[in-house]
Amino acid sequence: MLAVGIVIGDGLGSSVDVLIACAVVTCCLLVACFFLWRKPVTHTVVIMCMMVATGTFWMLTYKRSHRAVAEPQQAMLNGVVMSRPQVGDKTVRFDLAVVGGKYAGRKVRMAVQRDGMGDAERLRVGDGLTLRCMLYPPEEFGTRRNFSFVRWMQVHDFVASGYARSDCWDGKRLRLSDCGWSVRARIRALGWRDRWLEVLRGSGMSDKALAVVTAMTLGEKTMLDDKQRDIYSMAGASHLLALSGLHLGAIYVLLTFVLLRRRTFYLGQAVALTAIWLYVMLVGMPTSVVRAAIMLTVYAVVEMLGGERITLNALSVAAIVMMCCNPMCLWDVGFELSFVSVLSIVIFFHPFYNRVSFPYLLKHKVQRWIWASISVSIASQILIAPLTAFYFGRFACYFVLSNLVAIPIAVFIIYVSVLLFAVSWWSAAVHVVAFAVGGAADVMEWFLGLVASLPGASVDGIRLNTLQLVMIYIIIGCCYGICDFLLRLYRSATYYTPKY
């Protein structure tokens with residue numbers, strides 16, 4: 001209901017009259033909740049309507065406070081470099097967090113002209129800058145049909161795109177106290193990530209293996225070339241390159257195995273969750289990782305309180321928290337893919353997994369693991385495939401085969417990478433461990449390249465519009481409802497014994 005309200009708020013104007021009307025409706029529904037608690041059905045309907053009104057009000061408020069630049073204009077900006085600068089032929093591009101002034105706390109997609117002296121190329125994360133630049137409103141570009149760059153800018157809180165000539169900027173020492181706490185935390189986390197990147201670069205891995213390992217462990221995907229991305233995409237394993245619940249879950253399992261003991265259970269959980277959130281900050285807080293971290297936190301808290309862990313409830317809590325922090329995240333592709341994939345697993349995993357006899361799976365551990373992996377892969381693809389085709393125009397046909405082999409290798413890479421960082425002070429051990437990590441990355445890429453080269457590995461050129469996407473999900477929902485009804489009918493006919 002909160003998401004429905006946010007969508008409605010996005011479609012409404014941001015005038016003061018609409019905002020006041022929405023606030024009044026929300027307050028009236030809140031008051032009605034206190035008087036209708038004795039009528040459960042009516043009370044539930046009022047609560048749902050109140051959440052819709054709350055989402056609408058929150059979206060309208062957010063839109064008014066996060067407006068982008070409306071027309072090109074000159075500006076003097078003080079800011080901090082917040083992303084690894086990308087050096088092009090004529091410009092150096094990076095994200096600039098504005099400090100002070102009209103756009104304080106917002107971000108600008110900055111492009112600085114290369115001056116031929118190498119000054120712009122030496123920019124690093126955390127460097128302070130003073131720029132006299134031109135700010136331009138977000139504009140659409142790109143070839144992906146259903147991807148909106150303007151919406152992407154809104155989701156990530158960019159106020160404009162900027163351009164500065166080589167003689168219109170200068171380095172400036174900025175105190176971290178001048179920045180907001182989120183900017184300070186992000187700068188420190190990115191500084192640590194750069195140190196770990198240097199450790200990986202100096203480990204002796206090949207360039208291709210290094211690109212895969214840095215993407216899987218630190219979320220740094222700029223080293224990947226187009227061929228590698230295409231191989232993973234055609235094989236249906238792109239999710240391995242994007243940090244997600246798989247990566248964070250593997251790290252959490254390792255931490256709980258090391259830290260959790262009966263006598264220090266609560267302390268171990270606290271340390272594990274602290275390490276998880278520090279890692280989330282380290283990799284730049286991508287949507288899928290934040291979602292997984294919130295769910296793990298909910299699981300840990302419920303377990304410490306002695307309650308039952310329910311995945312759907314944890315997923316709902318994660319969605320509500322993220323939409324309350326940034327209602328625009330509802331249009332983030334990563335947000336949609338992450339939540340839809342988990343929801344798909346929650347709905348369809350057990351119907352597939354239970355098709356094989358439980359006593360048989362209990363006796364055969366290898367077959368049980370293989371069938372569980374196949375069931376998870378199929379279950380996740382049921383709802384995620386239409387969305388992937390909608391945004392990327394591709395469907396990978398051999399995703400089950402790819403995941404069956406690539407996921408264990410990916411987990412091995414994650415665990416050995418943790419060991420690599422732990423022994424980073426010992427150069428001899430670094431090279432030995434890096435050889436194992438690089439070898440695993442090369443084997444995984446070789447196997448996925450083999451899968452991608454198979455006949456009919458992927459269906460490309462899929463073009464779906466929004467209406468077609470909605471209709472596909474309606475068809476899936478109807479098929480699921482019919483199958484569930486027939487299954488219940490079969491069970492009732494098979495096991496029902498009349499009483500006379």
Side-chain angles (χ1 to χ4, degrees), residues 62-63 65-115 119-144 146-172 174 179-180 182-183 185-187 189-190 193-194 219-224 242 283-287 326-329 331-335 391:
Y62 189 88
K63 285 168 61 178
S65 60
H66 291 75
R67 290 176 175 172
V69 170
E71 57 185 15
Q73 56 184 270
Q74 283 192 342
M76 285 291 298
L77 300 178
N78 292 329
V80 182
V81 178
M82 292 296 292
S83 66
R84 180 178 292 273
Q86 302 298 312
V87 180
D89 294 334
K90 298 181 179 180
T91 60
V92 178
R93 298 181 177 273
F94 54 88
D95 298 339
L96 184 77
V98 181
V99 178
K102 180 180 179 181
Y103 304 113
R106 309 290 299 280
K107 293 188 292 185
V108 175
R109 293 278 288 181
M110 185 60 65
V112 176
Q113 182 183 8
R114 294 180 63 181
D115 53 13
D119 292 340
E121 290 88 329
R122 288 197 292 268
L123 289 174
R124 295 292 181 267
V125 174
D127 289 348
L129 299 177
T130 299
L131 308 101
R132 186 172 71 254
C133 61
M134 284 294 298
L135 297 181
Y136 299 94
E139 295 180 354
E140 295 289 359
F141 78 93
T143 57
R144 279 195 280 175
N146 294 312
F147 176 79
S148 172
F149 182 71
V150 173
R151 179 69 78 177
W152 183 91
M153 295 272 282
Q154 294 173 347
V155 169
H156 294 86
D157 199 22
F158 285 97
V159 68
S161 298
Y163 177 79
R165 295 187 307 177
S166 58
D167 58 345
C168 294
W169 69 274
D170 190 17
K172 178 182 179 182
L174 292 175
C179 308
S182 59
V183 175
R186 180 79 186 276
I187 290 173
L190 291 175
R193 187 173 75 164
D194 285 345
E220 181 61 50
K221 293 188 287 187
T222 57
M223 301 180 187
L224 294 167
V283 298
M285 301 187 70
T287 304
N326 179 10
M328 293 299 301
C329 72
W331 287 271
D332 184 15
V333 178
F335 179 93
Y391 282 117

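Reckoned from all heavy atoms, side chains included, excluding hydrogens, waters and symmetry mates.
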- Which is it for Q154 and K63 under the side-chain contact (heavy atoms from CB on, under 4.5 Å) test, yes or no, and what are the steps along the way? CA-CA 9 Å; Q154 294 173 347; K63 285 168 61 178; over 6 Å; no
*Can you list the steps and then say if F94 with L129 is a side-chain contact (heavy atoms from CB on, under 4.5 Å)?*
CA-CA 12 Å; F94 54 88; L129 299 177; 3.6 Å; yes
Step-by-step side-chain contact (heavy atoms from CB on, under 4.5 Å) determination, W152 to V333:
CA-CA 9 Å; W152 183 91; V333 178; over 6 Å; no
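Nearest approach of T91 to Y163, heavy atoms of both residues: CG2-CE1, 4.0 Å. Across all their heavy atoms, Y103 and V159 have their closest contact at CD2-CG2, 3.6 Å. Residues G162 and V108 share a closest heavy-atom pair of N-CG1, 3.7 Å. The nearest pair of heavy atoms linking A111 to R93 is CB-NH1, 3.7 Å. Between A160 and Y136 the shortest heavy-atom distance is CB-O, 3.3 Å. Closest non-hydrogen pair, A164 versus C133, comes out as CB-CB, 3.9 Å.
With L96 as reference, L131 is the one residue of L131, V112, V80, N78 to meet the side chain to side chain contact (heavy atoms under 4.5 Å, CB included) rule.
Crowding of R84 atom CZ: a count of heavy atoms from other residues, nucleotides or ligands under 6.0 Å exceeding 12. R165 CZ: 12 or fewer foreign heavy atoms inside a 6.0 Å radius.
Classification of the Y62-H66 ring pair by plane angle, with boundaries at 30° and 60°, yields parallel.
Taking OG of S161 as the start and CE of M153 as the end, the distance is 3.5 Å to the nearest 0.5 Å.
Looking only at side-chain heavy atoms (C-beta outward), L135 and L77 come within less than 4.5 Å of each other. Taking the side chain as every heavy atom from C-beta outward, V81 and M110 never approach each other to under 4.5 Å.
Between the side chain of K107 and the main chain of D95, no donor-acceptor pair closer than 3.5 Å is present. Checked by atom type and distance alone, the side chain of R106 never pairs as donor or acceptor with a backbone atom of A68 at under 3.5 Å.
In this structure, the side-chain hydrogen bond (donor to acceptor under 3.5 Å, both in side chains) partners of T287, at least two apart in sequence or on a different chain, are D332.
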